[in-house]
Amino acid sequence: MLVTVAPASTRTGTAVIRSLLAAPNSDVKVQGIYRDTAKAPAEFTSLPNFEAVKGDIADESSLNFNGSDAVIAITPPVFESGDMVAITKQRSEHVKNAIEKSGTVKKVILLSSVGGEIKTNNIAERVFAKTDVPELIFVRCAYFMENWTVALDTLRGPEPFFFSTVTPLEWKIPMIAVEDIGSTLAAETLKQEPSPHKPYVFELHGPRMYNSLDVQLAFSDALGKQVGVKPVAKGELHDFYKQVFPEDMVPEWVEMAVSFLPGGIMKPGDVEEGTSVVNAKTELGDAIKVAVESIL
């Protein structure tokens, strides 16, 4: 069985490849799509059943899925200036077209989201829902636990702290570890029994919901010292995000951020009718500890 991961360079791409290659009693072969194949991890390239393939989801002509039995499609967040929905739609169509052109792909697994980049994941689902393959699976993941470790500069120094855009600090939302996303996508790819629906859609959460105070405790435990938390209120989000993203992208990121806060359109715990919830096992504290140890 040949599984293609497109693109493979993201954290989730790395996690799912690791799980696929570690699957017991499996004859799976994996090819990862990289813009720069030199960036494929040595832990993968040293194995005979993995191949790093040059390709870019922004360039349809570079994608070749011939011979693939399954494709795991990942919709990376858009950070460059421009219409993020239009960009995501185009890149999703590139992958969809390459899948159909192959004539061999039987199953497509799309990494989607219950919140976060709502618009981009929504358009990706709409595009892939029309893919002419026997089986479609959409995995809507909760807020990534590792998102909290993206900017760690404030954790260095004598008085470490982190910013939280999830406010009030007591507000709980579902979260999920990247490791659990990888193992879940791999399991869905390798399962033999057919899915009950097309597309088959489910949400992927951690063992329970968490808030910013839980994150604060996790960081404090991981660093062995008290870590502070500085809330970024709704009214402060625009100024906060304009330090990170191009000005024309800021309103989109603000809209995403408030979508799962009190009064937002994505009330935590609400699940679309007909969509089940799968709870993974990794606790927030464990995910934060592993991420901090690997970065700091």
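Note: hydrogens, waters and symmetry copies are ignored here, and every other heavy atom, side chains too, is used. In this chain, numbering begins with 1 at the start of the sequence shown.
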Of all the heavy-atom pairs spanning Leu169 and Pro231, show the shortest one and how long it is. CD2-CB, 3.9 Å
Establish whether Val232 and Val150 are linked, either directly or via other cluster members, by ILVMFWY side-chain heavy-atom contacts under 4.5 Å. no
Determine yes or no for a side-chain-to-main-chain donor-acceptor pair under 3.5 angstrom, with Glu93 supplying the side chain and Gln90 the backbone. no
Non-hydrogen side-chain atoms of Val229 and Phe161 separated by less than 4.5 Å: no
Hey, does the Lys NZ or Arg CZ of Lys39 hover above the aromatic six-ring of Tyr34, less than 6.0 Å from the centre and inside 45° of the axis? no
Check for me, please, whether Val278 and Ile72 land in the same ILVMFWY cluster - side-chain distances under 4.5 Å, paths through other members count. yes
Between Ser62 and Asp56, a side-chain donor and acceptor under 3.5 Å: no
Within this structure, what is the OG1-CG distance for the pair Thr12 and Leu185, rounded to the nearest 0.5 Å? 7.5 Å
CG of Leu155 to OG of Ser220, rounded to nearest 0.5 Å, is 9.5 Å
Side chains of Phe128 and Ile99: closer than 4.5 Å at any heavy-atom pair? yes
So that I can tick it off, tell me whether Arg18 and Glu43 are bridged by a salt bridge, with the cut-off set at under 4.0 angstrom between side-chain N and carboxylate O. yes
Could you measure the distance from the CD1 atom of Ile288 to the CD atom of Glu146? Nearest 0.5 Å is fine. 7.0 Å
Can you get from Val105 to Val5 by hopping between Ile, Leu, Val, Met, Phe, Trp and Tyr side chains that sit under 4.5 Å apart? no
Under the side-chain contact (heavy atoms from CB on, under 4.5 Å) rule, what do Val178 and Met145 come out as? Steps first, then yes or no, please. CA-CA 7 Å; Val178 168; Met145 294 176 178; over 6 Å; no
Atom pair OG (Ser9) and CG (Asp36), whose distance is rounded to the nearest 0.5 Å: 9.5 Å
So Trp253 and Phe245, would you call those rings parallel, tilted or perpendicular, with 30° and 60° as cut-offs? parallel
Shortest non-hydrogen separation from Ala280 to Asp180 and the atoms involved: CB-OD2, 3.2 Å
Would Tyr200 and Phe138 count as a close aromatic pair, with their ring centres under 6.0 Å? no
Taking only Lys NZ, Arg NE, NH1 and NH2, and the carboxylate oxygens of Asp or Glu, determine whether Lys289 and Asp286 approach each other closer than 4.0 Å. no
Between Lys96 and Lys130, is the side-chain contact (heavy atoms from CB on, under 4.5 Å) condition met? List the steps. CA-CA 9 Å; Lys96 171 186 176 293; Lys130 300 177 181 178; 4.0 Å; yes
Within the structure provided, determine whether Val277 and Asn279 are in side-chain contact (heavy-atom separation under 4.5 Å). yes
Taking all heavy atoms of Lys106 and all of Val133, pick out the closest pair and write down the distance. O-CB, 4.1 Å
Please tell me if the side chains of Cys141 and Val139 come closer than 4.5 Å, counting only heavy atoms from C-beta onward. yes
Single-linkage hydrophobic cluster Val244~Met84, side-chain heavy atoms < 4.5 angstrom: yes
Show me the donor-acceptor pairs, under 3.5 Å and distance only, between side chains in residues 44-53 and residues at least two apart or in other chains.
from  : atom 1 : to    : atom 2 : distance (Å)
Thr45 : OG1    : Pro41 : O      : 3.4
Ser46 : OG     : Ala42 : O      : 2.9
Asn49 : ND2    : Val28 : O      : 3.2

Can any side-chain N or O of Ser19 pair as donor or acceptor with the backbone N or O of Val16 at less than 3.5 Å? no
Are the side chains of Thr165 and Tyr241 in touch, meaning some heavy atoms are under 4.5 Å apart? yes
Scanning both residues in full, the closest heavy-atom pair of Ala142 with Val114 reads CA-CG2, 3.5 Å
Can we say Arg91 and Glu60 salt-bridge, meaning some charged N sits less than 4.0 Å from an Asp/Glu carboxylate O? no
Please round to the nearest 0.5 Å and tell me the distance separating atom OG of Ser195 and atom CD1 of Ile137. 3.5 Å
Short question: side chain of Lys242, backbone of Asp248 - any donor-acceptor pair under 3.5 Å? no
Look at the aromatic rings of Tyr143 and Trp148 and report parallel, tilted or perpendicular, splitting at 30° and 60°. tilted
Taking side chain as C-beta onward, heavy atoms only, is Ile181 less than 4.5 Å from Phe144? yes
Output, in order, the C-alpha distance, side-chain angles, deciding distance and verdict of side-chain contact (heavy atoms from CB on, under 4.5 Å) for Met1 and Lys107. CA-CA 11 Å; Met1 179 184 190; Lys107 180 188 292 189; 5.7 Å; no
So does Val71 get a backbone contact from the side chain of Ser68, meaning a donor-acceptor N/O pair under 3.5 Å? no
Side-chain donor-acceptor pairs under 3.5 Å in residues 207-216, sequence neighbours left out?
from   : atom 1 : to     : atom 2 : distance (Å)
Arg208 : NE     : Glu283 : OE1    : 3.3
Tyr210 : OH     : Glu283 : OE1    : 2.5
Tyr210 : OH     : Leu284 : N      : 3.3
Asn211 : OD1    : Leu213 : N      : 3.0
Asn211 : OD1    : Asp214 : N      : 2.9
Asn211 : ND2    : Glu170 : O      : 3.3
Ser212 : OG     : Ser164 : OG     : 2.6
Ser212 : OG     : Val166 : O      : 2.9
Asp214 : OD2    : Asn211 : N      : 2.9
Gln216 : NE2    : Val227 : O      : 2.9

Would Ser113 and Arg140 count as a side-chain contact (heavy atoms from CB on, under 4.5 Å) if you check the C-alpha gap in whole Å, the side-chain angles of each, and the deciding distance to 0.1 Å? CA-CA 4 Å; Ser113 173; Arg140 294 175 177 169; 5.8 Å; no
Main-chain N/O of Gly67 paired with Thr104 side-chain donor or acceptor, under 3.5 Å: yes
Do His205 and Glu203 pair up side chain to side chain, a donor and an acceptor below 3.5 Å, judged on atom types alone? yes
Any side-chain heavy atom of Pro160 sitting closer than 4.5 Å to one from Lys225? yes
How far does OG1 of Thr189 sit from CD of Glu135, to the nearest 0.5 angstrom? 9.5 Å
Verify same cluster id: Ile33, Val95 (apolar side-chain graph, 4.5 Å): yes
What I'd like to find out is whether the side chain of Gln31 reaches to under 4.5 Å of the side chain of Leu2, using heavy atoms alone. yes
